[in-house]
Every structure is written in structure tokens, then in C-alpha cells.
There are 2 protein chains.
Amino acid sequence: MNKTRTSIVDIAHAAGVSKSTVSLVLQGSPLVNEKTREKVNALIGDLGYVYNRGAANLRQSKSKIIGIVVNDLTNSFFAELAVGMDMMVQSAGYVQFLAHSGESVDRQREVISSMRENGIAGLILSPARGTEASDIKPLADSGIPVVLVVRNVPGAKVSTLLSDNHAGAKAAIRHLISLGHRRIAFMGGFVDTAVFGERLRGYRDALAEADIPFNEKFVIHSAPSRAGGVAAVERMMVFAERPTSALCLNDAVAFGVCDGLRSNNIEPGKGFGIIGFDDVIEAKTAVPALTTVSVDPQGMGQRAAQLVLKQINAGQTDPESIVTSVRLVVRQSCGAPVKQLEELA
Amino acid sequence: MNKTRTSIVDIAHAAGVSKSTVSLVLQGSPLVNEKTREKVNALIGDLGYVYNRGAANLRQSKSKIIGIVVNDLTNSFFAELAVGMDMMVQSAGYVQFLAHSGESVDRQREVISSMRENGIAGLILSPARGTEASDIKPLADSGIPVVLVVRNVPGAKVSTLLSDNHAGAKAAIRHLISLGHRRIAFMGGFVDTAVFGERLRGYRDALAEADIPFNEKFVIHSAPSRAGGVAAVERMMVFAERPTSALCLNDAVAFGVCDGLRSNNIEPGKGFGIIGFDDVIEAKTAVPALTTVSVDPQGMGQRAAQLVLKQINAGQTDPESIVTSVRLVVRQSCGAPVKQLEELA
DNA sequence: CTTTTAATTTGGAACGTTCCAAAAAACAAG
DNA sequence: CTTGTTTTTTGGAACGTTCCAAATTAAAAG
């Protein structure tokens with residue numbers, strides 16, 4: 001059954017025209033006569049012809065594939081980011097290679113090189129921790145547009161699409177302060193990422209603004225995941241003087257913090273104020289609904305895709321840096337009057 | 001800067017050998033002399049050559065790409081499934097097209113045809129609701145192995161990898177019964193999916209086994225998502241005689257149910273017993289830790305990838321049906337003595 | 001009916017590989 | 001130095017497209 005795939009010349013032969021004509025039809029060229037067009041199109045349907053884009057790509061030395069590498073698909077933030085990209089890419093007539101690096105630079109390197117061999121027109125990368133400029137350079141040098149999302153890579157001369165982490169964190173802390181909080185923790189994340197640095201800076205700046213001294217102990221590192229949030233709470237529970245609220249590195253950590261608090265019989269939002277970062281879909285329906293800095297991951301994915309598509313079409317690779325604005329969405333997770341919190345702490 | 005990509009003949013020329021020899025080196029053929037191999041390899045590095053797999057694919061009419069279409073990437077179950085596949089595919093030297101259908105058959109059709117044009121060696125599909133056998137047939141007919149995961153498509157003559165939904169649901173209900181529950185709901189999901197049907201059948205069979213009459217009202221439909229879980233609880237709250245526990249269609253619904261209970265001041269696990277389905281990563285760390293039927297999504301993804309890879313290598317497309325076993329993981333979400341629950345209800 | 005112009009169609013080369021049969025080079029034996 | 005054998009290398013065709021310059025056909029004008 002597995003005879004050779006029917007090609008353009010098969011239909012050409014069947015229709016009694018040349019392969020060039022069929023090619024023209026395929027491209028929707030206006031050069032071709034209406035009657036031949038119909039005949040050819042009919043045959044295409046009948047013979048079950050499927051276009052071989054690979055061959056076309058070879059001839060034109062371009063491709064209709066976009067590479068996307070994301071560091072952690074199991075984190076809903078990145079999953080939504082990917083979905084946003086998927087939508088855009090799809091509707092532009094492209095397909096994606098979509099891979100998961102799992103925060104491993106080696107894996108990331110492999111997957112990027114594999115994508116390159118297979119011929120991508122552009123790459124959107126949410127870089128794994130520890131990615132270096134040299135990991136991206138060869139790609140960019142060969143003229144393939146690269147867009148970095150979410151995280152930056154120092155020294156990489158490519159386009160970036162980042163959210164305004166500093167402003168977001170600052171807004172969050174201001175909110176907590178306005179509610180009367182003074183002992184505010186920063187939970188989750190590792191020092192060596194740009195995102196962490198920027199959000200922490202926003203935290204410190206807002207604190208400084210209100211003349212609240214920075215307390216080293218109140219920044220509690222942990223994995224940027226739900227499990228990490230639980231761990232951070234454990235770490236916090238032994239403090240003599242405990243914080244009354246926390247800004248979390250991201251929503252995943254925030255949910256973990258809720259979990260952790262509950263196992264310590266503290267009701268999140270009532271016994272402790274929590275703010276997340278990202279505004280993942282679950283943030284809205286969670287109980288308590290999470291107050292968080294909305295980054296609109298899906299929208300961000302769309303913009304990243306648009307950017308890379310624009311660069312592909314323009315044939316330009318002049319790096320472009322966009323920082324998307326961000327807004328605080330106040331929900332239920334830090335609703336209680338602070339007086340009460342301080343008594344509990 | 002964007003000169004023509006360096007090709008096999010460029011290095012051949014530079015090395016003073018023929019393109020055939022370079023090709024041999026690339027394939028790691030033992031035919032070629034050690035010294036020439038070294039020389040060629042050196043040049044490959046120096047000239048920044050990148051293999052054009054597209055050209056090779058064209059010549060050999062095969063490809064090193066696997067298509068994966070998943071209905072909802074934002075659901076952690078599917079995200080983990082995808083990650084499992086990613087691992088396997090990657091380490092077999094393939095790359096994936098990975099796309100999201102968002103439960104839209106139209107979108108699914110488009111994306112599959114796009115993948116086909118781009119040349120895939122196999123397809124793993126977690127079909128959108130309403131997928132018909134005819135959506136898959138052309139692909140399968142053309143000799144490309146297709147593996148259906150998670151959901152089946154009636155009438156499709158392709159391989160499937162499904163979890164044992166019936167047994168899982170039955171085990172869950174038995175567990176609830178053994179804890180003394182008699183008013184047990186089934187929450188989440190729509191009637192028209194096979195998964196729903198199988199799990200519901202397990203639920204009914206276990207009930208029958210214990211001579212508990214089936215109560216139509218206790219199966220509460222809703223979207224199979226976190227939000228759906230919340231909605232289901234709202235629906236339940238107005239019942240005169242409320243259930244004391246529920247088996248949820250999946251973990252996402254279960255989490256939603258927890259959320260919903262909390263907004264009604266019922267503490268999940270204490271005031272109401274909940275069992276999920278899937279055993280997503282968060283199930284373990286959630287509070288209360290979720291009792292759930294473990295499907296091991298990541299492992300399932302791996303198996304699916306293995307299956308499709310096997311079929312690609314074997315060149316066989318004889319459909320194969322695997323049903324993976326499933327086990328109940330008892331954690332905290334239905335821990336309370338039932339007497340107490342019944343008083344509350 | 002011839003010429004001019006416009007509309008449509010067409011061979012073949014090219015893209016970067018692999019594969020094959022055959023050539024060339026290196027080595028061994030007589 | 002032949003001859004035979006083994007090792008290594010090599011042109012060219014092929015994969016399914018696109019593109020171009022040129023050829024053919026149809027229509028319009030004289």
C-alpha cells in the first residue's frame with residue numbers, strides 16, 4: 001500500500017499539463033487559466049495529493065517552521081505562554097517545534113541544534129537557567145531571528161520580550177504596605193536569574209520608599225514551584241519574628257505558600273497576606289482568589305510570536321527590546337486587616 | 001552577512017574530497033579513512049556547517065519529526081504527558097511538532113494537515129472532543145503510524161494507549177465505600193467523551209457491587225477544569241440531601257471542588273471526601289494532599305512515544321491497543337470519619 | 001490573412017542531501 | 001613488475017519543489 005507519495009508531476013501528468021503549471025496553481029497564481037486551475041484542483045483532491053513543504057523549503061531555502069523552547073512546560077505560566085504562541089504561529093500559516101528544556105542548558109543546546117538542522121525560520125526561547133550568550137550566537141549570526149521571552153540572557157544581542165518585573169513587584173509591595181503590612185517577605189526563586197533579581201529590586205525599592213528597613217532574612221529562597229512555596233513556609237515558621245505577608249516569585253510559589261500555611265493551620269488571606277506574580281488562570285478560581293501581578297502569559301506569548309514573525313517577514317534581525325507592562329490584580333489573598341495578623345504572628 | 005548557507009559541497013571543496021565522501025563522514029560510515037574523516041570533521045567545525053536534514057529527508061523520503069497534538073496544554077495532565085513524550089522523542093534523535101488543539105476539531109484538522117505537509121514520521125494525538133475516525137484516516141492510510149492517547153476515537157483503526165479508567169474509578173469508589181460513604185457524587189466532565197463514560201461506568205459498577213442505588217442527581221456535569229469543579233460544588237450545594245464525598249473526573253476538577261467547598265466553609269478532606277483522577281504533580285503537595293487515581297501522565301507520554309517510535313522503525317502500522325494500569329494513591333483528601341461528615345451534610 | 005499584443009504554458013536548472021555502480025588508490029602476494 | 005585483493009573515493013542521478021527565460025496559444029488590430 002505504501003507506494004510512493006503522489007507528487008506534483010503525478011497530477012501534472014493526469015491533468016495533461018506541465019508540473020510548472022501545477023506549481024502555479026498551488027501557489028494561487030493569477031497567471032493560470034480558470035479552466036486548468038479547476039481541473040488541477042479537482043485532481044489534487046482525487047489523487048489525495050499532499051504538498052511537500054520540505055521540498056519547497058529546500059528550493060527556496062526558507063521555512064515555515066518556528067522553533068519554541070520553553071524551560072518548564074509543567075508550569076502553567078509557561079504552558080499558557082506556549083498556547084499564546086501556538087495560536088499566533090498557527091494562524092500565520094506556520095507550525096512550531098515546541099520543546100521543553102527542563103532548565104537544562106545541555107538539553108536546550110541539543111534541542112536548538114536539532115531544530116536548526118531541521119530548518120527553522122525563527123526561534124522563540126525562554127532560556128533555561130544558566131544560558132549563555134554563546135548558546136544563541138551561532139543561530140543569530142546565521143540570520144535567524146531569535147526572540148528571548150520572560151528571561152533575558154546577558155550579552156545576547158537578540159530581541160527580547162520581558163515583563164516589567166520591577167514595576168510589578170513595586171506595585172505589589174506598595175499594596176501590602178498600604179494595607180498596613182510592615183513585615184513583608186519575598187518568597188521563592190534562586191538568586192541567579194534575572195527575573196528574581198528584578199522582582200527583588202522592586203521589592204527593595206518599594207520598601208525603601210516607605211522607610212521600611214530591608215531584612216535579609218525575609219527573602220526566602222526556594223525552587224520557583226509549588227513545592228518550593230511549601231518549603232519556603234516551613235523555613236519561615238521557625239523565625240522568632242515572622243512576616244505577616246509575602247510577595248511570591250510567581251503564582252506557583254504562591255499556591256505552595258497557601259498549601260504550606262494551611263498545613264500550619266494558618267488560613268491564607270486571613271492569617272497571612274499573599275501576593276503572587278503572573279496571574280495564571282487558576283489564580284482567579286483558587287480559594288482564596290489570588291491577588292497577583294498580572295503578566296498575561298497568553299498575551300505575552302502572542303506578542304512574542306508576532307515579534308518573531310515580523311522579523312522573519314522583514315528579513316531584519318535588528319534586535320528589539322520590548323517590556324510589557326503589568327498590573328496588580330487585587331483579589332482575596334491579602335484581605336484581612338493587619339492588626340489581627342500581627343497578633344497572630 | 002546572510003550569504004548562502006554552507007553546504008556539504010563547500011566542505012568537500014575545502015577538504016579536497018568529493019561531496020560523497022563528506023556525506024559518508026556525516027553518516028559515520030566506517031568506509032572512510034581515518035585521516036580524511038578528521039580533516040572533514042575539522043572543516044565542519046571551522047566553517048560552521050549545519051546539516052540540512054530537510055534535504056536528506058527529501059532524498060530518503062522519510063523524516064525525523066514526530067507530530068504531537070494535545071487537546072489542552074494548560075491542563076497539567078496534558079502538559080506532563082507532553083513532557084514525557086518530549087523526553088522520549090528527543091532522546092531518540094527526533095524533534096516534535098507540538099501543538100494544542102484547544103478542543104477544537106477544526107483547529108486539530110488544520111494542524112494535522114500542516115504537520116503532514118511538513119513531513120512527519122508519526123503522530124501522537126490526544127484527540128479533541130468530537131474527533132471522528134475520518135479525521136485520522138487519510139494519515140493512517142498513507143502509512144504514517146498514529147497513536148491515540150488518553151481518549152479513543154470510535155472506528156479509528158489505529159493504535160491506542162489508554163488508561164484503565166474503569167478499574168481506576170471502581171477502586172476509588174470502593175475506597176470511599178470502605179470509609180463508610182454511601183452518598184457519593186461523580187463530578188465534572190461532559191457525557192460525550194469516552195473517558196467520562198468509562199469512569200462513570202466504574203463508579204456505577206462499584207456502587208452496584210455494594211448495593212448502593214445509583215442516584216442520577218449525584219452525577220454532576222461540568223467543564224473538566226478547575227473552574228468546572230467550583231461550578232459543580234455550587235450546583236451540589238442546593239441539594240436537600242447532599243453527598244458526603246465525590247469522585248472527580250480529574251485532578252483539575254478535584255482542586256476546583258476543594259476551592260468551591262472552601263468558599264462554602266466546608267473543609268475539603270474533613271467535611272467532604274474527595275478523590276481525583278490522574279495524579280498530577282500538584283496532587284502531592286496540595287493541602288489537603290489529594291487522594292487520587294494515579295495515571296502517571298509522564299510515564300504514559302513516554303510509552304506513547306515509544307510505541308510510535310517502534311512502529312516507525314518497524315515500518316508496520318498494525319494497530320496495537322495498550323491499556324495502562326492505574327492505582328489508587330491514598331492521601332489526605334478523604335481522611336475524616338464519615339459519621340462526622342453525615343452530621344455536617 | 002498577417003501582424004502585434006496579451007495571456008498562458010513549459011522545459012530545465014537549482015536547492016542539499018543520499019545512494020549506487022564503478023573508478024582509483026593502496027596493499028599483498030607471486 | 002604483474003596480478004589480485006582490499007580499502008577508499010567518486011561522479012551523477014534522484015527526491016519534489018520553485019523559478020526563469022522562452023515558447024506556445026489566444027485575442028486584438030490592421
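We name chains A, B, ... by the order of the sequence lines, and we start the count at 1 in each one.
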Output the distance between atom CD1 (A:I68) and atom NE2 (A:H100), rounded to the nearest 0.5 Å.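 It is 15.0 Å, given to the nearest 0.5 Å.
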Separation between CG of B:N118 and CD1 of A:I65, rounded to the nearest 0.5 Å: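 B:N118 atom CG to A:I65 atom CD1 measures 4.5 Å (nearest 0.5 Å).
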Per [X] side chain, nearest of listed nucleotides [options]:
{"X": "B:R59", "options": "D:dT17, D:dA14, C:dT9", "value": "D:dA14"}
{"X": "B:N33", "options": "C:dT9, D:dT10, D:dT8", "value": "D:dT8"}
{"X": "A:Q60", "options": "C:dG11, D:dT9, D:dT18", "value": "D:dT18"}
{"X": "A:N52", "options": "D:dT18, C:dT17, D:dT17", "value": "D:dT17"}
{"X": "B:L58", "options": "C:dG16, D:dT17, D:dT9", "value": "C:dG16"}

Provide, to the nearest angstrom, the distance between the [atom1] atom belonging to [X] and the [atom2] atom belonging to [N].
{"X": "A:R37", "N": "C:dT8", "atom1": "CZ", "atom2": "P", "value": "10 Å"}
{"X": "A:Y51", "N": "D:dC15", "atom1": "OH", "atom2": "C1'", "value": "15 Å"}
{"X": "B:L31", "N": "D:dT10", "atom1": "CG", "atom2": "C1'", "value": "12 Å"}
{"X": "B:I11", "N": "C:dG16", "atom1": "CD1", "atom2": "P", "value": "12 Å"}
{"X": "B:R53", "N": "C:dC15", "atom1": "CZ", "atom2": "C1'", "value": "18 Å"}
{"X": "A:R5", "N": "D:dC15", "atom1": "CZ", "atom2": "P", "value": "14 Å"}
{"X": "A:L24", "N": "C:dG11", "atom1": "CG", "atom2": "P", "value": "14 Å"}
{"X": "B:D10", "N": "C:dT17", "atom1": "CG", "atom2": "C1'", "value": "13 Å"}

State whether a side-chain donor-acceptor pair under 3.5 Å links B:T131 with B:R151.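 No, no side-chain donor-acceptor pair sits under 3.5 Å.
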Does any donor atom in the side chain of A:N57 or A:S63 lie under 3.5 Å from an acceptor atom in the other side chain?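 Checked: A:N57/A:S63 side chains show no N/O donor-acceptor pair below 3.5 Å.
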Along DNA chain C (nearest heavy atom to each residue), the more 5'-positioned of B:S20 and A:K19: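 The answer here is A:K19.
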Applying a 4.0 Å non-hydrogen cut-off, can you work out what B:L26 is touching in the nucleic acid: base, sugar-phosphate, or nothing?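 No contact at all - B:L26 keeps every heavy atom at 4.0 Å or more from the nucleic acid.
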Inspect the contact between B:E38 and B:K35 and indicate whether a charged nitrogen and a carboxylate oxygen are less than 4.0 angstrom apart.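 Here B:K35 does not pair with B:E38 in a salt bridge, since their nearest N and O are not under 4.0 Å apart.
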